[in-house]
S.K.: 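The structure is given below, and queries will be raised subsequently.
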Amino acid sequence: MLNVVIVGFDKALSSAMTGVADLFGLAGVTWNRIQGQPAERLFNVRIASPDGQPVQCINGIQLGAHLSYDQVQDVDAIVVPTIGGPVTEVVEHNPALLALLRRADAEGWTITGNCTGNFLLAEAGILDGKTATTHWGFKDYFQQRYPQVDLKADQLITRQDHIYCAGGGLAWFDLGLHIIERHYGFETAIQTAKAFVIDYRRDSQLSYSLMRLAKPHKDDLVKQVQKWLEDHYAGNFTVDELADRFSVSKRTLIRRFNAALDMPPNTYVQSIRIEAAQKLLEETERTVDVVMNDVGYEDASSFRRLFRKKTGLTPTEYRRRFSRRF
């Protein structure tokens, strides 16, 4: 069996610890039982804490530990769960965990981090110059704090050398299945996914993220344009016509939008149209073509191409995954 250690710490997300423990612990077990075959455990999973004592998770649940960080030796993989509490506080109050991660990196053990847990990997310095991901909602803070990391926040899973990172909070099962496939092959990974009734090989966080168009700024002109666009985004107008409406030059409007929102006006309009299309696909049964027209597009191929670029899914795939049907 492969030896896996899940590192526990106060204010961790308990499901990111127990979920991984269940996934690894039942790989080769649940599927075999369903098929009437002998169970074959593939992983030996243990939880480590700073001193071997229980950790207090963010939801108030205490989880016991099998060993302390100092006792972690010769393991095949280390799993760093999601930080459930204030990220900065947890990162700066766990020097022993950072030391363990540096030791694991030096030993070449497989290191896996989930969601905001990847802040701990970055703080330890083991992601410098490497590709990584984290939860889409913490992208800006991660980039600001760790500019030396090549952050790919649109990706659900990244791997460089022996370090794996997963994105959103429940991406631990994507991460776990990747590790199962790496060590035991695709067939075992897909069997485990079927046994747990979970999707396998998702590859993007784009469809789960928000456009975050309401970025705070102090430009009154841009605020006025944004307010007008909330009601008229589906209309047929050019950037020149938009600039004329607010009595500024096209060049000035583009410059002010770039300074305030980090995007030009036409990109902003495309983004709010796609966001509106997402909402219609979630909440109505209008056809994709009707949705396309309702948000201001006429060319089906360009709409689908832009929608996929923004969300990582086709409109039909997005509706299948996120439509609100009761």
Side-chain angles (χ1 to χ4, degrees), residues 4-9 11-27 43 45 47 57-59 77-85 87 90-91 101 110-123 126-127 130-143 146 149-183 186 188-190 192-210 212 311-313 317-318 320-322:
V4 175
V5 168
I6 302 168
V7 292
F9 49 85
K11 299 182 180 178
L13 192 69
S14 63
S15 60
M17 297 175 62
T18 59
V20 168
D22 286 339
L23 191 70
F24 285 148
L26 293 176
F43 294 89
V45 185
I47 295 176
C57 296
I58 191 63
N59 59 4
I78 284 182
V79 178
V80 181
T82 304
I83 296 173
V87 170
V90 172
V91 165
L101 292 174
T110 295
I111 302 172
T112 67
N114 187 65
C115 191
T116 47
N118 293 315
F119 277 78
L120 289 160
L121 277 63
E123 187 73 15
I126 64 174
L127 292 180
K130 291 183 171 64
T131 301
T133 189
T134 189
H135 189 287
W136 60 264
F138 292 85
K139 171 185 174 182
D140 292 344
Y141 182 47
F142 192 102
Q143 288 179 317
Y146 309 111
V149 179
D150 181 17
L151 186 67
K152 305 291 186 183
D154 60 322
Q155 296 184 24
L156 196 65
I157 301 287
T158 62
R159 175 194 175 189
Q160 186 155 355
D161 302 326
H162 56 283
I163 300 178
Y164 291 76
C165 297
L170 292 181
W172 53 260
F173 69 71
D174 299 275
L175 185 63
L177 290 171
H178 275 266
I179 299 303
I180 292 171
E181 179 177 357
R182 177 191 174 192
H183 289 285
F186 174 77
T188 300
I190 199 66
T192 306
K194 289 179 179 178
F196 277 80
V197 196
I198 52 181
D199 292 334
Y200 185 32
R201 288 192 163 175
R202 302 183 300 167
D203 58 5
S204 174
Q205 292 192 87
L206 287 174
S207 57
Y208 297 91
S209 66
L210 301 175
R212 301 180 69 184
T311 69
L313 300 171
E317 291 169 339
Y318 186 89
R320 188 179 300 121
R321 183 172 295 181
F322 294 105

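What you see is a predicted model, and the numbers here were worked out from it, not measured in a lab.
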S.K.: Listed by chain and number, what are the side chain to side chain donor-acceptor pair (under 3.5 Å) partners of Gln160, not counting sequence neighbours?
M.R.: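 If we apply the side chain to side chain donor-acceptor pair (under 3.5 Å) test to Gln160, skipping adjacent residues, the hits are Thr131.
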S.K.: Suppose we screen for side chain to side chain donor-acceptor pair (under 3.5 Å). Which residues come up paired with Thr158, at least two apart in sequence or across chains?
M.R.: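 If we apply the side chain to side chain donor-acceptor pair (under 3.5 Å) test to Thr158, skipping adjacent residues, there are no hits.
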S.K.: Going through the distances and angles, do Val80 and Thr112 end up as a side-chain contact (heavy atoms from CB on, under 4.5 Å)?
M.R.: CA-CA 6 Å; Val80 181; Thr112 67; over 6 Å; no
S.K.: Hey, could you give me the NE2/CD1 distance between His162 and Ile111, rounded to the nearest 0.5 Å?
M.R.: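 It is 4.5 Å, given to the nearest 0.5 Å.
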S.K.: Should the pair Asp154-Lys152 be classified as a salt bridge under the 4.0 Å nitrogen-to-oxygen rule?
M.R.: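 Looking at Lys152 together with Asp154, the answer is no, because their closest N to O distance does not fall below 4.0 Å.
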S.K.: Mind listing the closest non-hydrogen atom pair of Ala189 and Leu177 along with its distance?
M.R.: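 Result for this residue pair: O-CD2, 3.5 Å.
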S.K.: Closest approach of Leu156 and Ala171, non-hydrogen atoms and distance?
M.R.: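 Looking at all heavy atoms of both residues, the shortest contact is CD1-CB, 4.1 Å.
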S.K.: Within the 4.5 Å heavy-atom criterion, are Arg182 and Arg159 side-chain neighbours or not?
M.R.: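 A side-chain contact exists here, since the closest heavy-atom pair is under 4.5 Å.
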S.K.: So which atom in Val7 and which in Pro81 form the shortest heavy-atom distance, rounded to 0.1 Å?
M.R.: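 Taking every non-hydrogen atom into account, O-CD, 3.0 Å.
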S.K.: Applying side-chain contact (heavy atoms from CB on, under 4.5 Å), run through Leu175 and Tyr164 and close with a yes or a no.
M.R.: CA-CA 8 Å; Leu175 185 63; Tyr164 291 76; 3.6 Å; yes
S.K.: Ignoring hydrogens and angles, tell me if any N or O in the side chain of Thr133 forms a donor-acceptor pair with the backbone of Ala166 under 3.5 Å.
M.R.: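 Between the backbone of Ala166 and the side chain of Thr133 there is no qualifying donor-acceptor contact (under 3.5 Å).
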S.K.: Provide the closest heavy-atom pair for Ile180 versus Ala27 in the form atom of the first, atom of the second, distance.
M.R.: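 Closest approach of Ile180 to Ala27, heavy atoms only: CD1-CB, 3.9 Å.
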S.K.: CG/Leu151 to NZ/Lys130 distance, rounded to the nearest 0.5 angstrom?
M.R.: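 With rounding to 0.5 Å, CG (Leu151) is 15.0 Å from NZ (Lys130).
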S.K.: Please lay out, stage by stage, how Leu13 and Ile58 fare under the test side-chain contact (heavy atoms from CB on, under 4.5 Å).
M.R.: CA-CA 6 Å; Leu13 192 69; Ile58 191 63; 4.1 Å; yes
S.K.: Can you find a heavy atom in the side chain of Ile47 that is under 4.5 Å from one in the side chain of Val5?
M.R.: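 Contact flag for Ile47/Val5 side chains = no.
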S.K.: Would you give the length of the straight line joining atom SG of Cys165 to atom CG of Leu121, rounded to the nearest 0.5 angstrom?
M.R.: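 Cys165 SG to Leu121 CG: 5.5 Å, rounded to 0.5 Å.
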S.K.: side-chain contact (heavy atoms from CB on, under 4.5 Å), that's the test. Do His135 and Phe142 meet it? Break it down for me.
M.R.: CA-CA 9 Å; His135 189 287; Phe142 192 102; over 6 Å; no
S.K.: Judged by modelled atom types alone, do Thr82 and Asn114 share a side-chain donor-acceptor pair under 3.5 Å?
M.R.: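 Yes, Asn114 and Thr82 have a side-chain donor paired with an acceptor closer than 3.5 Å.
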S.K.: On a heavy-atom basis, which atom in Ile6 and which in Met17 lie closest, and how many Å separate them?
M.R.: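 So the two residues come closest at CD1-O, 3.4 Å.
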S.K.: For Asp161, enumerate each residue passing the side chain to side chain donor-acceptor pair (under 3.5 Å) test, keeping only those at least two apart in sequence or located in another chain.
M.R.: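 If we apply the side chain to side chain donor-acceptor pair (under 3.5 Å) test to Asp161, skipping adjacent residues, there are no hits.
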S.K.: What is the minimum heavy-atom distance between Phe43 and Phe24, and which atoms define it?
M.R.: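 Heavy atoms only, the tightest pair is CD1-O, 3.5 Å.
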S.K.: How long is the span from the OG1 atom in Thr134 to the CD atom in Gln143, to the nearest 0.5 Å?
M.R.: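 The CD atom of Gln143 is 10.5 Å from OG1 of Thr134, to the nearest 0.5 Å.
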S.K.: Are any side-chain N or O atoms of Asn118 and backbone N or O atoms of Cys115, one a donor and one an acceptor, separated by less than 3.5 Å?
M.R.: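 Between the backbone of Cys115 and the side chain of Asn118 there is a qualifying donor-acceptor contact (under 3.5 Å).
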S.K.: Does Ile78 reach the side chain of Thr110, with side-chain heavy atoms less than 4.5 Å apart?
M.R.: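 A side-chain contact under 4.5 Å is absent here.
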